[in-house]
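See structure below.
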Amino acid sequence: MAAGLIPAGFTGRPVLVHIARGEARTVTLLGRVDETAPPAAAEDLEAASTLTGPRRREFLGGRALLRRAVAELSGAPAEAVRIGTRDGSRPVCLSTREVDVSISHSAGRIAATAARGCEVGVDIQIPVPVSARLLRRYNVAGTEPATRAGPRPGGRTPTAAPAERGDSPSQVDDSHYEFADAWTVREACAKSLGLRVGADLWRIRVPPGAHHGHWAAAHWYRLPPFQDCPVALAMRPRGRSRRRSTSPSRPAGSPP
């Protein structure tokens with residue numbers, strides 16, 4: 001099994017999640033990088049040549065997990081899996097074209113998904129403080145929620161409205177976790193549909209507590225949280241063309 005051992009550069013054994021819908025199959029691996037860079041293929045080192053520190057470790061860790069996910073799905077050796085990019089940053093499996101792939105990083109946590117029979121998007125998000133204005137815009141209930149035990153601020157901040165973070169509180173509470181939880185669903189849907197991630201994600205309705213649902217041509221799933229971070233997966237059936245959107249793109253430098 002691809003997740004059977006602790007890979008070099010990771011804090012523990014990756015968590016393996018299988019999801020199937022109709023003819024579509026997905027394999028997701030969840031892991032966390034440590035302070036050492038994992039072993040990397042030559043093309044990954046070249047792609048990461050301009051990255052440093054935690055961002056470099058996350059990038060190389062994401063590629064390493066993605067190769068394992070493709071191997072688990074296809075049966076090919078992980079060393080034979082070749083990963084490239086398309087549309088600027090979206091990962092693509094060059095060695096097995098019928099396999100679609102997606103990667104997400106947040107504060108050292110990584111989600112990597114390989115899929116057959118569908119286009120896929122995955123997202124993981126560490127909860128961080130966001131402004132009351134942003135919570136209202138995304139219809140997150142509660143103005144004075146209880147403080148939540150969990151990840152502290154310091155990971156990447158949700159990309160919807162960077163200018164609205166100035167009045168953020170200093171602690172992560174239930175409303176911030178709810179925001180991050182719904183945000184992962186929205187971003188996974190956007191990735192599977194080929195949309196550019198931006199402020200228009202508020203249009204994607206995410207019912208609180210729902211384990212799965214759909215928006216446009218995407219069917220989404222909330223995966224079990226990984227180290228207190230929400231994780232979501234979205235699948236779009238093959239044969240339906242990817243949509244193009246005029247939504248604002250994520251700020252430069254934000255992880256996929």
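All residue numbers in this chain count up from 1 along the given sequence.
- With sequence neighbours excluded, no residue forms a side-chain hydrogen bond (donor to acceptor under 3.5 Å, both in side chains) with T184.
- Remark: side-chain polar atoms of K191 are not paired, donor with acceptor, to backbone N or O of S102 under 3.5 angstrom.
- Every residue two or more places apart in sequence or in another chain that forms a side-chain contact (heavy atoms from CB on, under 4.5 Å) with R205 is listed here: N139.
- Taken to the nearest 0.5 Å, the OG1 atom of T28 stands 10.0 Å off from the CG atom of L66.
- Using a 4.5 Å cut-off on side-chain heavy atoms (C-beta onward), P14 and P7 make contact.
- For E46, there are no side-chain contact (heavy atoms from CB on, under 4.5 Å) partners, not counting sequence neighbours.
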For H176 and L135, run side-chain contact (heavy atoms from CB on, under 4.5 Å): C-alpha distance rounded to whole Å, both residues' side-chain angles, the deciding distance at 0.1 Å, then the answer.
CA-CA 8 Å; H176 304 135; L135 294 177; 4.2 Å; yes

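- H105 NE2 to I126 CD1: the interatomic distance, rounded to the nearest 0.5 Å, is 14.5 Å.
- Taking a cutoff of 4.0 Å between a charged side-chain nitrogen and a carboxylate oxygen, R67 and D44 qualify as a salt bridge.
- R116 pairs by the side-chain contact (heavy atoms from CB on, under 4.5 Å) definition with L73, S74, E98, V99, not counting sequence neighbours.
- Put simply, CG on D123 and SG on C229 are 10.5 Å apart, with the number rounded to the nearest 0.5 Å.
- In this structure, A218 and C189 approach most closely via the heavy-atom pair CB-SG, 4.3 Å.
- Salt bridge annotation for R86-D100: present, with a cationic side-chain nitrogen under 4.0 angstrom from a carboxylate oxygen.
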Trace of the salt bridge (charged side-chain N to carboxylate O under 4.0 Å, His left out) decision for R109 with E58:
CA-CA 8 Å; R109 285 86 164 169; E58 285 186 352; over 6 Å; no

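- Residues that satisfy the side-chain contact (heavy atoms from CB on, under 4.5 Å) test with T85, not counting sequence neighbours, are R63.
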Output, in order, the C-alpha distance, side-chain angles, deciding distance and verdict of side-chain contact (heavy atoms from CB on, under 4.5 Å) for S95 and V81.
CA-CA 6 Å; S95 53; V81 175; 3.9 Å; yes

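- Closest of all the heavy-atom pairs between P77 and A71 is C-CB, 4.3 Å.
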Determine whether T113 and V101 satisfy the following criterion, side-chain contact (heavy atoms from CB on, under 4.5 Å), listing intermediate values before the conclusion.
CA-CA 6 Å; T113 298; V101 294; over 6 Å; no

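- Atoms CE and CG, from M235 and L233 in turn, are 6.5 Å apart once rounded to the nearest 0.5 Å.
- Side-chain contact between E119 and R238: present, with at least one pair of heavy atoms (C-beta onward) separated by less than 4.5 Å.
- Considering all non-hydrogen atoms of both residues, F10 and G61 come closest at CZ-O, 3.4 Å.
- In this structure, V92 and R97 have side chains that are in contact, with non-hydrogen atoms separated by less than 4.5 Å.
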Give the C-alpha distance, both sets of side-chain angles, the deciding distance and a yes or no for side-chain contact (heavy atoms from CB on, under 4.5 Å) between Q125 and D181.
CA-CA 8 Å; Q125 173 66 61; D181 188 40; over 6 Å; no

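- When all heavy atoms of A24 and G117 are compared, the closest pair comes out as CB-O, 3.9 Å.
- With a 4.5 Å cut-off between side-chain heavy atoms of Ile, Leu, Val, Met, Phe, Trp and Tyr, the cluster of L45 takes in L51, F59, L60.
- In this structure, V185 and W215 have side chains that are not in contact, with every pair of non-hydrogen atoms separated by 4.5 Å or more.
- Here the closest non-hydrogen pair linking W220 and A210 is CZ3-O, 3.8 Å.
- Nearest approach of P225 to Y177, heavy atoms of both residues: CG-OH, 3.6 Å.
- Ring pair F179/W183 is parallel by interplanar angle, where below 30° counts as parallel and above 60° as perpendicular.
- Applying the salt bridge (Lys or Arg N to Asp or Glu O under 4.0 Å) criterion to E23, with sequence neighbours excluded, gives no partner residue.
- Taking E79 as the reference, nothing meets the side-chain hydrogen bond (donor to acceptor under 3.5 Å, both in side chains) condition, with sequence neighbours excluded.
- Residues satisfying the salt bridge (Lys or Arg N to Asp or Glu O under 4.0 Å) criterion with R56, sequence neighbours excluded, are absent altogether.
- Not counting sequence neighbours, R186 has no partner by the salt bridge (Lys or Arg N to Asp or Glu O under 4.0 Å) test.
- Remark: R32 engages no residue in a salt bridge (Lys or Arg N to Asp or Glu O under 4.0 Å) (not counting sequence neighbours).
- Note that CD of E187 is 10.0 Å distant from CD1 of I204, once rounded to the nearest 0.5 Å.
- Between L223 and I19, some side-chain heavy-atom pair lies under the 4.5 Å cut-off.
- Taken from OG1 in T26 to CZ in R21, the straight-line distance is 12.0 Å, to the nearest 0.5 Å.
- Side-chain atoms of I124 and P230, non-hydrogen and from C-beta on, never get closer than 4.5 Å to each other.
- Residues forming a side-chain hydrogen bond (donor to acceptor under 3.5 Å, both in side chains) with T36 (at least two apart in sequence, or on another chain): D34.
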